[in-house]
Protein chains: 2
Amino acid sequence: MDMQATIESATTAVNPTKVAIMDAAEKAILKNGYKAMSFRDLAAEVGIKSASVHYHFPTKANLVTAVMQRYKEEFAKRLILPKKKKSAAQKALNKFIDGFKETVVDQDNLSLCTVLSAEKNLLEPATIEELNEFYQLKLDWLGTVVSYMRKDWMTTEEVHNYASRILASLHGASVLVKATGNPDMFNQATVHWRDLIKHLDS
Amino acid sequence: MDMQATIESATTAVNPTKVAIMDAAEKAILKNGYKAMSFRDLAAEVGIKSASVHYHFPTKANLVTAVMQRYKEEFAKRLILPKKKKSAAQKALNKFIDGFKETVVDQDNLSLCTVLSAEKNLLEPATIEELNEFYQLKLDWLGTVVSYMRKDWMTTEEVHNYASRILASLHGASVLVKATGNPDMFNQATVHWRDLIKHLDS
DNA sequence: AGTTATGTATCAACTGATAGGTAAACAATA
DNA sequence: TATTGTTTACCTATCAGTTGATACATAACT
């Protein structure tokens, strides 16, 4: 029987073909969306036949879930919590914004989550669950980092609001860039955070 | 020969079937994305056959362009410029945010532009042009309104940044709501504007 | 008579998925 | 060691369903 691709990925040894398929799938989704991604196109990119893709990922739902799960895990791996110190938190948050810009905006993409959110009704519960976990991960991290930046105590509501604001800014800015085709739009929509990060401790 | 559906819509008398098709198309795109929208489904919703949909809109590209154009025009119609007065501008901006929440977030949708942006590579230049114009419309309006709210002079850069920030906030917040399934997320990510609108004149 | 708005019928292309074959790698055992 | 069985990873071939689009017939209104 098949193992659940959605469960094994973190522990099992990597399979080169499987990884190549997931790479191609992620790329395809970012380019044209989930619905437009086809097994045959992925197979062609990897250099195998579409039936072989089904061997590794029985269904499309299975594949997109695996891709989303990997996306989440890779992100979590790079998302280390800074020291509970103002300057470290400031640095970490600046780096978070830089990372978003480099991996998403600079490549004229939206984030995988934004794309999948737009096609959420086509996804299965398992995929949606990965989506939720990914955002919760980001929001929790942002909340913690923001709280580290302030010497005074913040209510949980205040912390949540800051985290949501920052994440919304970044995602929205990437949509603006994509829609208008103007890369400057990202900085226009987010530079204020750079200043605010410096003065958020007050 | 066929008239260009992309040109006539503003001036020509409304055609009930055509309108019904566009309504169905807009709904379908918001629900599942552009790629997943099919002529047969639209036809079924309107109560005609798919060939008849092609009679009104020769190609899918033609249809989506018409839908996007109407979306833009309808939006422009409701987007009246307030008086050059602080209180009027404040009121207008609050209403803009309310409108976005009601028409997008409260219906568990993303905006049509966000969805189409995610599938931008599948669109034809004419459709993308509509997308651009729509955002320019919003950004220009926001910039003007923001400048009305400040008694001191703002650089054009400052104005642009404010407009981009606000628009990014709203769009990003709608993505957060959709992705997490948590409607509160919109207020979390945007309440600060309500306060800021009151004190933006300083 | 011509235009408008539908319908029927059909096409070629593409889709996700399955059945079943094949060869190589690996494992177990005589 | 040699042989056999099993698993892994591909393949070919094919299916049924969906897609955008077209050709052509039809009826109603102008």
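Here is the naming used below: chain letters follow the sequence lines, and residue numbers restart at 1 for every chain. These numbers were taken from a predicted model, which means no experiment stands behind them.
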- Task: Would you kindly compare A/S50 and B/S50 by the position of their nearest DNA chain C nucleotide and give the one closer to the 5′ end?
- Result: B/S50

- Between A/K18 (NZ) and D/dC10 (P), how many Å, whole number? 11 Å

- Separation of B/D41 atom CG from D/dT18 atom P, in whole Å? 9 Å

- Taking C-beta and beyond as the side chain, do B/E133 and B/Q69 meet within less than 4.5 Å on heavy atoms? no

- Query: Is a salt bridge present between B/R70 and B/D23, judged by a nitrogen-to-oxygen distance below 4.0 Å?
  - Reply: yes

- Task: For A/I48 and for B/T59, locate the closest nucleotide of DNA chain D by heavy-atom distance; then report the residue assigned to the nucleotide nearer the 5' terminus.
- Result: A/I48

- Tell me: CG of B/L63 to P of D/dA21, nearest whole Å? 10 Å

- Message: Tell me if the centroids of the rings in B/H171 and B/F100 come within less than 6.0 Å of each other.
- Response: yes

- Of A/A51 and A/A36, the one whose nearest nucleotide on DNA chain C sits closer to the 5' end is A/A36

- Query: Between A/N62 and C/dG16, is there a side-chain N or O to OP1/OP2 distance below 4.0 Å?
  - Reply: no

- Note on the structure: When rounded to whole Å, the NE2 to P distance for the pair B/H54 and D/dA25 reads 20 Å

- CG of A/N15 versus P of D/dT8: gap in Å, rounded? 11 Å

- Message: Pick the closest DNA chain D nucleotide for A/R40 and for A/S52 by heavy atoms, then say which residue is nearer the 5' end.
- Response: A/S52

- Verify the contact: side-chain N or O of B/H56 to OP1 or OP2 of C/dT6, cut-off strictly under 4.0 Å; return yes or no. yes

- Message: Under 4.0 Å, heavy atoms only, any strand: does A/S38 hit a base, just the sugar-phosphate, or nothing?
- Response: sugar-phosphate

- Measure the distance from NZ on B/K60 to P on D/dA21 and round it to the nearest whole Å. 8 Å

- Note on the structure: Atom OH of B/Y55 and atom C1' of C/dT3 are separated, to the nearest Å, by 8 Å

- Is there a donor in the side chain of A/T65 and an acceptor in the side chain of A/T127, or the other way round, less than 3.5 Å apart? yes

- Note on the structure: From the candidates D/dC10, D/dG20, C/dG7, the one with an atom nearest any side-chain atom of B/K49 is C/dG7

- Message: Measuring to OP1 and OP2 of D/dC10, would you say a side-chain N or O of A/T17 lies under 4.0 angstrom away?
- Response: yes

- Have A/Q188 and A/D184 got a donor and an acceptor in their side chains that come within less than 3.5 Å? no

- Task: Would you kindly give the CZ-to-C1' distance between A/F39 and D/dC15, to the nearest whole Å?
- Result: 16 Å

